[in-house]
Structure formats: structure tokens, C-alpha cells
Amino acid sequence: AAEYAAAYGARDAAIRHMRAQAQRVHALQYYGKVMVGTPPQTFTVIFDTGSGHLMVPSVRCDSAACSRHKRFWANQSSTAVPIAWADEPLAPAEDDTDRDTMVVNFAMGDAVGQYMRDEVCLGSSASSFCAKADFVEMTEESDDPFKDAEWDGIVGLGQSVSDAAEFNIFGVLAANSTPAMREPVFAVYLGRDIQGESEITFGGTRAERMASPLTWVKVYQEGYWQFQFSDLLINGKPLGVCEKYGKRQCQGVLDTGSSLMMGPQNDLGLILKALNFTKDTQKNCSSKEQFPSLGFVIDGKKFEMEPEDYMDRSPNPDTPGTDSCWAHLMPVGDTGRGPIFVLGMPFLRAFYTVYDIKAKKIGIALANHKAAPANASGVVVEPL
């Protein structure tokens with residue numbers, strides 16, 4: 001997610017290497033559709049719980065990265081309103097010279113944009129939730145990560161990291177959408193492998209995607225979808241990682257924009273050693289070597305990941321009987337929010353997660369990767 005860029009930007013090369021290995025097995029980007037304007041202009045977007053704005057390329061952007069993607073034409077939308085300043089999110093700009101500029105830094109690049117207000121719809125034209133909301137039209141984009149991306153923009157679904165409430169797309173839609181949402185929640189389900197179905201559900205949950213009841217936890221610190229957990233488990237046995245943090249215990253942040261799970265350097269070293277990765281996240285291992293489960297104690301309940309959830313392995317062609325093994329873990333530096341564990345796609349593939357914007361709480365259940373989905377009723381399901 002964009003907001004973590006400063007904390008782990010220096011690890012880009014290692015992350016790219018691990019992503020290249022992992023994408024042989026897993027999808028590392030999940031994208032769907034969003035519609036903006038009247039009549040609607042459709043964009044392919046990433047849904048990112050670690051950032052706070054809807055961002056789409058502007059037709060006024062002449063960067064090479066923008067030219068390869070769908071761009072927003074404000075003059076072709078009868079409901080588009082330029083907004084001058086983020087702290088006056090409902091006040092139209094008097095002219096283009098009187099508009100604030102927003103710079104967003106990503107782990108591998110940046111973008112510059114200006115504020116707009118228009119009709120925004122989550123879902124397809126056949127079934128969607130729509131409302132007026134503020135967003136960012138990008139007027140400049142760096143080549144990395146935008147130029148070769150298979151998506152046009154980003155829908156930030158962070159809990160409360162937007163410049164103003166009017167920019168919190170899901171918050172606006174949960175309160176004011178047409179038709180009205182049944183519940184002020186969205187839910188994320190990710191398939192285990194590239195062929196597996198993945199989806200984000202708006203306005204409710206899907207019981208058939210869960211293999212256990214939901215456990216609800218409060219957002220511990222507003223901003224991100226951050227919650228408290230009391231320990232990590234290795235093969236079901238407590239690791240004692242969280243005791244040193246006192247009443248705060250361990251803090252996890254659910255981040256659909258991260259392809260890895262990340263944690264404080266000292267904690268990660270202890271975890272890797274317990275998982276039989278003695279010094280690094282990668283090692284050569286015997287084809288017969290077994291790895292332990294990795295679990296989290298959340299609200300007193302155990303949520304366990306099998307080895308195939310947190311690591312991958314592939315045979316070494318030059319050395320029969322050995323594999324190359326790598327864990328989808330990475331240290332993260334200070335994010336300005338104290339020690340945290342960023343729980344990205346490996347965690348989100350193992351568990352079905354629900355985000356309640358009104359009650360400020362998070363639901364977590366074991367994901368059901370076996371059941372055939374039933375017809376969704378009363379919710380908008382966006383395939384990813």
C-alpha cells in the first residue's frame with residue numbers, strides 16, 4: 001500500500017524477486033471494476049485496504065504511463081465537479097489555477113493528481129452501489145509501477161486514511177448509496193492459486209466462502225484496518241512474541257495491497273527460525289522436509305495457516321531430491337504506528353475477512369476454498 005512506502009521502499013529488489021517466484025503459483029494482483037461519471041466511465045482498479053483514495057488517470061495526464069490506460073474525461077461527465085482543496089471537499093474550484101495538488105508516493109514510484117467529485121459506482125453496470133464522492137484524477141504518473149500495470153487505478157478502502165470523509169469511497173457508499181447497502185461492510189475472498197476464484201463483496205458477506213464462524217475484533221487504532229492479536233503459534237504452540245509489547249500486544253494490519261506478510265525485524269527472525277528458515281526467507285531444502293503451521297491468536301481463538309499458505313517450494317532441476325523453499329515474509333521498518341505486522345495476501349488467501357466501516361470492526365474466518373458459491377442475494381460481488 002502507498003502509505004507504507006517509506007517503511008519498506010528499500011526492500012523493493014528483494015520483494016520483486018520473491019514476487020517473481022510466487023507468481024508462478026499465486027495471483028499477486030487482484031483487480032476489478034469501478035465506474036465514474038455520468039454516463040459511467042469504467043476503470044480497471046486494484047482494491048487496496050492500505051490506502052485511502054480512489055485514483056484514476058486523467059485525460060490531462062500526458063505521462064507515458066497514463067497514455068497506456070483508460071483515462072477519465074471530466075468534460076464527458078455531466079456530473080463532474082472539480083474540487084479545489086481537500087479540506088473543502090464539497091466546494092467547487094473556481095478555475096484550474098486555484099486547485100490543490102496531491103502527491104502520492106508508492107514503494108516503486110509516485111503520482112500527482114487533483115481532486116474531483118462525481119458519481120462513483122462499485123460493481124458492474126448490472127448490479128452496483130452508487131453515490132457522489134470525491135476522488136483523485138492523476139495528472140502525472142511514474143513509469144513504475146503504472147506503465148506496465150494491467151490496471152488503470154486504485155480504489156483505496158482504508159479504514160480512515162483519506163484526506164476527508166468525502167474521499168472515503170466505501171464510507172460514502174455505505175452511508176448514501178443507491179440502492180442502499182444492506183450492511184455497511186465489504187468482504188475479501190482470495191483463491192489459493194492462480195486458477196482459484198477471488199472476489200470482493202460490497203454490502204454484505206457470503207457464508208459459503210467461510211469454513212468457520214466470523215470472529216469480530218475492534219479496530220485498535222483508527223486509520224488502517226488494524227487489530228490486536230495476543231500471540232503467534234508454531235504447530236499450535238505459543239511463541240510468546242507479543243508479551244514484550246504489554247497491553248498493546250501484537251498489532252496486525254490487513255493490507256490487500258501487499259503481496260507478503262511483514263513484521264518487525266526482531267520478531268521476524270524469531271518466527272523464521274521457528275519455521276525452520278534459520279537465517280533468511282529462502283533456503284534449499286530436502287523434498288521431504290516438512291514445515292510447521294503458523295498461527296495467530298485473535299480474540300482468544302486460533303487461526304492457523306498451513307505451510308502452503310505462508311511459503312512456496314519448487315524442485316531444483318540441477319539437484320534431484322532438493323527444493324528451493326521461500327517464505328512469504330519480510331521485515332518492515334518503523335511505519336510511525338509502532339511495531340506492526342502487515343498481513344497481506346498470504347494471510348488473506350487463508351482467511352475470509354470482513355470490514356465494517358460503521359462499527360469500526362473486522363471479521364475473520366477460515367476461508368472455504370472448496371464450496372461452490374451460491375447465488376449472491378442483496379450484495380454486489382465484484383470478481384477479481
Side-chain angles (χ1 to χ4, degrees), residues 1 4-5 7-30 46 50 107-108 144-145 190-196 198 232-237 239 241 250 252-296 303-333 340-351 367 369:
Y4 296 124
Y8 54 77
R11 300 203 167 262
D12 287 349
I15 290 175
R16 280 197 294 269
H17 178 65
M18 292 178 73
R19 284 169 64 92
Q21 290 180 309
Q23 70 185 41
R24 301 171 191 161
V25 182
H26 308 290
L28 294 185
Q29 292 184 337
Y30 299 86
I46 285 178
M108 296 175 284
D144 198 354
L190 302 183
R192 256 208 171 108
D193 51 39
I194 292 174
Q195 291 78 27
S198 300
L232 288 162
L233 306 170
I234 302 296
N235 270 347
K237 296 181 180 180
L239 198 56
V241 169
C250 287
V253 172
L254 299 177
D255 186 3
T256 59
S258 174
S259 61
L260 304 171
M261 295 193 297
M262 308 185 191
Q265 177 78 55
N266 290 339
D267 292 336
L268 198 71
L270 180 65
I271 295 165
L272 285 170
K273 185 176 180 180
L275 294 174
N276 300 334
F277 287 85
T278 51
K279 295 182 180 180
D280 199 355
T281 57
Q282 297 175 271
K283 72 171 194 173
N284 289 325
C285 55
S286 163
S287 300
K288 296 180 180 180
E289 182 173 353
Q290 299 298 307
F291 291 85
S293 63
L294 170 64
F296 298 78
F303 291 82
E304 299 201 67
M305 303 173 68
E306 295 304 316
E308 59 265 28
D309 294 322
Y310 67 79
M311 62 166 285
D312 281 316
R313 63 198 303 167
S314 62
N316 284 324
D318 299 328
T319 314
T322 67
D323 290 346
S324 175
C325 295
W326 62 95
H328 301 301
L329 300 167
M330 180 73 69
V332 62
I340 62 169
F341 290 81
V342 180
L343 304 177
M345 292 173 191
F347 186 93
L348 297 169
R349 284 191 286 264
F351 304 108
H369 293 291

query: For atom CG of Asn235, is the number of surrounding heavy atoms from other residues, nucleotides or ligands below 6.0 Å larger than 12?
result: yes
task: Grab the two heavy atoms, one from Arg313 and one from Cys285, that are nearest each other, plus how far apart they are.
output: NH2-SG, 3.9 Å
message: With side chain to side chain contact (heavy atoms under 4.5 Å, CB included) as the criterion, how do Asp255 and Met262 come out once you've worked through the C-alpha distance, each side chain's angles and the decisive distance to 0.1 Å?
response: CA-CA 10 Å; Asp255 186 3; Met262 308 185 191; over 6 Å; no
- request: Determine, step by step, whether Arg192 and Asp309 satisfy the side chain to side chain contact (heavy atoms under 4.5 Å, CB included) criterion, reporting the C-alpha distance in whole Å, the side-chain angles of both residues, the deciding distance to 0.1 Å, and the verdict.
  value: CA-CA 8 Å; Arg192 256 208 171 108; Asp309 294 322; 2.9 Å; yes
message: Just so I know, are the side chains of Asp312 and Trp326 near enough to count as touching, which here means a heavy-atom distance under 4.5 Å?
response: yes
message: For the CD1 atom of Ile271 and the CD1 atom of Ile234, what is their distance to the nearest 0.5 Å?
response: 7.0 Å
- prompt: In chain order, what residues pass the side-chain contact (heavy atoms from CB on, under 4.5 Å) check against Leu268, with sequence neighbours excluded?
  reply: Leu272, Leu329, Pro331
message: Any side-chain to backbone donor/acceptor pair from Ser198 onto Leu190? Under 3.5 Å, distance only.
response: no
task: Decide yes or no for Cys250 and Leu232: does some side-chain heavy atom of the first lie under 4.5 Å from some side-chain heavy atom of the second?
output: no
- prompt: Can any side-chain N or O of His369 pair as donor or acceptor with the backbone N or O of Arg349 at less than 3.5 Å?
  reply: yes
message: Do Cys325 and Asp323 make a side-chain contact, defined as non-hydrogen atoms from C-beta onward lying under 4.5 Å apart?
response: yes
Pro292 vs Leu275 side-chain heavy atoms within contact, under 4.5 Å: yes
field: Side-chain H-bond candidate by donor/acceptor type, Thr322 with Asn316, under 3.5 Å
entry: yes
query: Would you say the side chain of Phe296 lies within less than 4.5 Å of the side chain of Leu233, judging by non-hydrogen atoms?
result: no
- line: Closest heavy-atom pair, Pro346 versus Met305, reported as atoms and distance to 0.1 Å, is O-CE, 3.5 Å
- request: Mind listing the closest non-hydrogen atom pair of Ser293 and Glu304 along with its distance?
  value: OG-OE1, 3.1 Å
task: State which residues pass ring-ring contact (aromatic ring centres under 6.0 Å, His included) with Phe341; sequence neighbours excluded, sorted by chain then number.
output: Phe229
task: Could you tell me which residues satisfy side-chain hydrogen bond (donor to acceptor under 3.5 Å, both in side chains) with Glu289, sequence neighbours excluded, listed by chain and number?
output: Lys283
message: Between Phe347 and Phe303, is there a side-chain heavy-atom distance shorter than 4.5 Å?
response: no
query: Atom CZ in Phe277, atom CD in Gln282: separation rounded to 0.5 Å?
result: 9.0 Å
- line: dist Leu260:CG -> Thr281:OG1 (nearest 0.5 Å) comes out at 8.5 Å
